[in-house]
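Shown next, in structure tokens, is the structure this report addresses.
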Protein chains: 2
Amino acid sequence: MRPKDLDKEKAIRTMALQIIAEEGLENLSMQKLAKAANISPRTIYIKYENKEDLLIKLFVEEVLGAYEQATLKDFRETMDFETGVKKIWLNLFAYCKTNKEAFVLMQYGKSSPLLNKAFQEKNITEGQFFAPIHRFLKRHAKNGTIKSFPIAVHRALLFSPILDLVNEYFEHKDRPRQIVTEKVILECCDMVIKGMLL
Amino acid sequence: MRPKDLDKEKAIRTMALQIIAEEGLENLSMQKLAKAANISPRTIYIKYENKEDLLIKLFVEEVLGAYEQATLKDFRETMDFETGVKKIWLNLFAYCKTNKEAFVLMQYGKSSPLLNKAFQEKNITEGQFFAPIHRFLKRHAKNGTIKSFPIAVHRALLFSPILDLVNEYFEHKDRPRQIVTEKVILECCDMVIKGMLL
DNA sequence: ATTTAATAAGTATACGTTTGTTTACTTATG
DNA sequence: CATAAGTAAACAAACGTATACTTATTAAAT
């Protein structure tokens, strides 16, 4: 039996992410992907059931996991509030800067109905994506370090600004001056922390 | 000469926004739109050059303007920082709550390459979308009420949390309990303001 | 006051492409 | 040589858009 060519599997994933990052999710077609990965369309269907299956697996297996791991690098849920939040912000910034494809697909996960559904399900059934951060927030709310809120509210306050800043970073990437530097990130992080501390 | 049927023009815009809000931008096709609006596909092309033209006009003329107007209702750039920010947050929440279609299309404006381009151009060439807010922020930075930053950074800190909360509001709309209430919005707004004030 | 001519609005349908996916076949390896 | 991996080509369906025709209205001509 002929063995699977792992390079081809890899090429499918790499090119799919690249096309999404460069041309948008709406401009990714199976035939375009096959051509970009230098394979026959049929080959994609050996590994993936259909386009939806490809996108969801790409999102959940390829991006969500790596994204989570990068975010939590050297993060301990026992950290004090300021240290923990700063660690997360800097991790996110460092990872996204060098992994635009992952960042872009994560952003699509919020708006695209298909990926959103996948994200919700993954989040509910496994209930452990970013679990350390959830416990970190719960503990600090209990301790009285910060005000108690549903996790989604904490997430909006803590993460939406840094993700917006990363987006701004990419929009300024090919402009003369970059306005989103690590210094700016840290100053913004300080403000968010200051606002949340009781 | 046969006069234009304004009801049909209206139906095109209404149904387009509805389809985008309910099924996503990627699921809007010209033929589906024509069927939904109960007209012939050709009729869309009387008013709009092509699909891109339709989407951009829908975004810029129909949504951006109304969205801006709603956000700035009773807002004065001479307001003190806390009053001004709270006014904007409450305006945004009230408007989005009852105009999901506009909110959804605004969100697509950030990720969809096509709409993003339109937004950038509109923002640069006209340079006046949300101009009162920009002047409001500039003044308070000059006064020393808040730290001075590029406008994009202020925007990330001030607006991304409220938009994320609105998103969360819609995700909880058909669940047993709504976690994003006006009370929560105001408490979050307080935290953001507290963080930004010097 | 009625008819008519001109014309843009509108419809039904079909065009050529591109879409996601499949069929029929070939290739490489245990 | 059995078999799954892989290819080239083609499938029906859906896409954005154009064609050929009909309809409703206005303004000029009767």
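Below, read A as the first sequence line, B as the second, and so on, with proteins coming before strands; counting in each chain starts at 1.
- In this structure, B/R42 places its CZ atom 13 Å from C1' of C/dA12, rounding to the nearest Å.
- Note: OH (B/Y45) to P (D/dC15) measures 12 Å, nearest angstrom.
- Look at B/K4 and you won't find any side-chain N or O under 4.0 angstrom from OP1 or OP2 of C/dG10.
- Among the protein residues, B/T43 comes within range of the nucleic acid bases, having at least one heavy atom under 4.0 Å from a base atom.
- Atom CG in B/L6 sits about 9 Å away from atom P in C/dG10, given to the nearest Å.
- The two residues B/A21 and B/E101 make their nearest non-hydrogen contact at CB-CA, 3.9 Å.
- The shortest distance between the side-chain N/O atoms of A/S29 and the OP1/OP2 oxygens of C/dT19 is below 4.0 Å.
- Cation-pi geometry between B/K110 and B/F119 is not met: the NZ or CZ atom fails to fall both under 6.0 Å from the ring centre and inside 45° of the normal.
- Across the protein-nucleic acid pair, A/K35 atom NZ and C/dT17 atom C1' stand 13 Å apart, rounded to whole Å.
- When each of A/I46 and A/P41 is assigned the nucleotide of DNA chain D bearing its nearest heavy atom, the one mapping closer to the 5' terminus is A/I46.
- Put simply, NZ on B/K8 is 14 Å from C1' on D/dT25, counting in whole angstrom units.
- The distance between atom CE of B/M30 and atom P of D/dA13, rounded to the nearest whole Å, is 23 Å.
- Summarising the local packing, NZ of A/K194 is surrounded by more than 12 heavy atoms from other residues, nucleotides or ligands at distances under 6.0 Å.
- Put simply, the side chain of A/R2 and the base of C/dT27 share a donor and an acceptor less than 3.5 Å apart.
- Rounded to a whole Å, the CD atom of B/E26 is 15 Å from the C1' atom of D/dC15.
- In this structure, B/K32 reaches neither bases nor backbone, as no heavy-atom distance under 4.0 Å exists between it and the strands shown.
- Close to D/dA4, at under 4.0 Å from its OP1 or OP2, lies no side-chain N or O of A/K47.
- If you measure from atom NZ of B/K51 to atom P of D/dC15, you get 8 Å, rounded to the nearest angstrom.
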Can you list the steps and then say if B/E23 with B/Q18 is a side chain to side chain donor-acceptor pair (under 3.5 Å)? CA-CA 8 Å; B/E23 305 174 43; B/Q18 198 177 113; over 6 Å; no
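- Here B/D53 pairs with B/K57 in a salt bridge; the nearest charged N to carboxylate O distance falls below 4.0 Å.
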